Amino acid sequence: MEIFKYMEQYDYEQLVFCQDKQPGLKAIIAIHDTTLGPALGGTRMWTYESEAAAIEDALRLAKGMTYKNAAAGLNLGGGKTVIIGDPRKDKNEEMFRAFGRYIQGLNGRYITAEDVGTTVADMDLIHEETDYVTGISPAFGSSGNPSPVTAYGVYRGMKAAAKEAFGTDSLEGKVVAIQGVGNVAYNLCKHLHEEGAQLIVTDINKEAVMRAVEDFGAKAVEINEIYSVDCDIYAPCALGATINDDTIPQLKAKVIAGAANNQLKETRHGDTIHEMGIVYAPDYVINAGGVINVADELYGYNSERALKKVEGIYSNIERVIEIAKRDRIPTYVAADRLAEERIERMRNSRSQFLQNGQHILSRRK
Ligand SMILES: NC(=O)c1ccc[n+]([C@@H]2O[C@H](COP(=O)([O-])OP(=O)(O)OC[C@H]3O[C@@H](n4cnc5c(N)ncnc54)[C@H](O)[C@@H]3O)[C@@H](O)[C@H]2O)c1
Ligand SMILES: CC(C)C[C@H](N)C(=O)O
């Protein structure tokens, strides 16, 4: 991978490699764009096949956060971190504290939070070294784990997409196939079950599957069966790139609406599902609940205010669908336009975010 060429092509601002031998820290912080404000995005811990795969993931996820934050109307840019390692075996206190010092060194250009493989406890360790972290324990006046709020946003966005596909936003009796029943999807299952939807689930973690079966009467299927099951809605809630050449021909769903980041393997897959008449709720619009929630900390966290904003994901999805229909374009293109237009407008009145972010974070005290 020619890194500078890639960064230039997609307008990345900064890539930071963090290494600390003793605790075994190998982290990559990618800052995509800070036109709207400091880059806010989670820290993912994952066992990558190669360093190149880790760099690519950090870059793709950071760009996704730029678009997510812009489309959600937040005054934040986009960034993300990946820590290379197995979250079940390789974590230790010194690792997250060392990482916290690297974040502090960026002086507010990047603010972190949870993502796959990290927890509120990890964020608390980072907080020992820096204030530029959100989603720490509520005892610190923070919003805590963002996943239940992300789930609520996905539920709201799913209803808006269902309205377009089925003429009603009621999910009662609808069959929803959920891929990955982790932190977000478990909470999503709760909302769907309460509304009377029928759930089909899969996960590589058998315990997670059993919990959904026991708690919500979900039907369990094998990992690769989830694409071809008879369902109304496919909800990708594990990792990215699951909408691709292999899976699209198997899909029976009329709606795709889930929590995972970077769901389309390539943009052309968004064109294909559009041509098939599938209503696709763009990933970064529907899964913005978590970041909307943690971003509220920057104003002094108020859970009611944050939830009200997250409820608005319903109208954000409606708006994207409206633009897509008006301009005869796929929904993923409509979402990109929405985000890019906002960034462009702000770029013309403001330059890169380079000053210390302290003035924003001090509001939460
Ligand atoms: N947590 C949040 O607030 C939040 C916010 C926005 C987006 N997201 C995205 O949503 C997705 C889920 O996040 P989460 O916090 O619930 O993560 P999680 O790690 O708690 O859950 C993911 C689940 O997917 C399962 N999984 C992994 N690979 C799988 C596969 N091939 N097939 C089936 N299951 C598989 C895992 O075992 C796990 O149970 C991620 O893509 C994340 O980036 C999360
Ligand atoms: C809570 C957020 C800052 C991070 C979250 N994992 C996301 O992708 O949106």
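Starting from 1, each residue takes its place in the sequence as its number. Order of listing sets the numbers, starting from 1, for every ligand and every atom in it. Everything numeric in this text was worked out from a predicted model, so none of it was measured.
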> Parallel, tilted or perpendicular for Tyr10 and Tyr12, by the 30°/60° rule?
Replying inline: perpendicular
>> I'd like to check the side-chain hydrogen bond (donor to acceptor under 3.5 Å, both in side chains) partners of Asn187; sequence neighbours left out, ordered by chain and number.
In response: none
>> Do Ile329 and Ile278 sit in one hydrophobic cluster, given that two such residues count as connected whenever their side-chain heavy atoms are within less than 4.5 Å of each other, even indirectly?
In response: yes
>> So, applying side chain to side chain donor-acceptor pair (under 3.5 Å) with His269, which one of Asp245, Thr242, Asn244 is it?
In response: Asp245
> Do we see a donor-acceptor contact under 3.5 Å between the side chains of Tyr314 and Asp169?
Replying inline: yes
> Which pairs with one or both residues in residues 178-220 pass ring pair (Phe, Tyr, Trp, His ring centres under 6.0 Å), sequence neighbours excluded?
Replying inline: Tyr152-His191, Tyr155-His191, Tyr186-Phe216, His193-Phe216
> Just checking, any donor-acceptor pair under 3.5 angstrom between side chains of Tyr332 and Asp283?
Replying inline: no
> Is there a donor-acceptor contact under 3.5 Å linking the side chains of Asp33 and Tyr67?
Replying inline: no
> Is the closest side-chain heavy-atom distance between Lys163 and Ile321 below 4.5 Å?
Replying inline: no
> Name the residues in contact with ligand 1, where contact means a heavy atom under 4.0 Å away: which are they?
Replying inline: Arg44, Lys68, Asp115, Val116, Pro146, Ser147, Thr150, Gly180, Gly182, Asn183, Val184, Asp203, Ile204, Asn205, Ile223, Cys237, Ala238, Ala259, Ala260, Asn261, Asn287
>> Can you work out which protein residues put a heavy atom within less than 4.0 Å of ligand 2?
In response: Leu40, Gly42, Met65, Lys68, Lys80, Ala113, Glu114, Asp115, Pro146, Asn261, Gly290, Val291, Val294
